[in-house]
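Computed from a predicted structure; not experimentally measured.
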Amino acid sequence: MAERVSRLSTEKAVVIFTRSQCPMCHTVSSLFSELSVCAAVHELDKDPRGREMERELARRLGRAPPVPTVFVGGNLIGSTDKVMSLHLAGKLVPMLKAAGAIWL
C-alpha cells in the first residue's frame, strides 16, 4: 500500500487525500481551489482500497484520522493545521510555485 500512496502522491503537483463527508477536507480543497490549484483529490471512502490507504497515511502522519493529507511536489506537507500554518505564514504560495502548481 505504501507504493500505491507514493505513486498517487506524485501524479500531480498537489495531491489531497480526503473523505467525502469531511468538513476539514472540504476546507483544504477549497483553499487550493481559491489559489487556482488544480489538485488531484482522492476520496478514500470511495476507493475500494481506501481503508488500507488511510492506515498508510496515518502511519506517515503519525496520527489518526489521516484526512485530509496534502502532498505538494510529491512531498508530504501534512493535514489542515500544517497547510493553514504555511498559508498564514506566506509560505504556501511559494511552495506551490516551486512545485509548478501555480504560475502567478
Partner set under side-chain hydrogen bond (donor to acceptor under 3.5 Å, both in side chains) for Asn75, not counting sequence neighbours: none
How does the hydrophobic cluster around Leu88 look, that is, which other residues are in it when side-chain heavy atoms under 4.5 Å mark a link? none
According to side chain to side chain contact (heavy atoms under 4.5 Å, CB included), who are the partners of Ser36, at least two apart in sequence or on a separate chain? none
Sorted by first residue and then second, give each salt bridge (Lys or Arg N to Asp or Glu O under 4.0 Å) pair with at least one member in residues 12-25; sequence neighbours left out. Arg19-Glu54
Fellow cluster residues of Val67, listed by chain then number, with links counted only when side-chain atoms sit under 4.5 Å apart: Met1, Val5, Leu8, Val15, Phe17, Leu44, Met53, Leu57, Leu61, Phe71, Leu76
What one should report as the nearest heavy-atom pair of Ala13 and Ala99 is CB-O, 3.5 Å
Partners of Ala2 by side chain to side chain contact (heavy atoms under 4.5 Å, CB included), sequence neighbours excluded? Glu56, Arg60
I need the full list of salt bridge (Lys or Arg N to Asp or Glu O under 4.0 Å) pairs touching residues 64-78, with sequence neighbours left out, sorted by first then second residue. none
For Thr10, the side-chain hydrogen bond (donor to acceptor under 3.5 Å, both in side chains) test, sequence neighbours excluded, returns none
Which residues pass the salt bridge (charged side-chain N to carboxylate O under 4.0 Å, His left out) test with Asp47, sequence neighbours left out? Arg4
Applying side-chain hydrogen bond (donor to acceptor under 3.5 Å, both in side chains), which residue pairs with at least one partner in residues 77-104 are found, sequence neighbours left out? Arg63-Ser79
Restricting to salt bridge (charged side-chain N to carboxylate O under 4.0 Å, His left out), what partner residues turn up for Glu43, sequence neighbours left out? Lys46
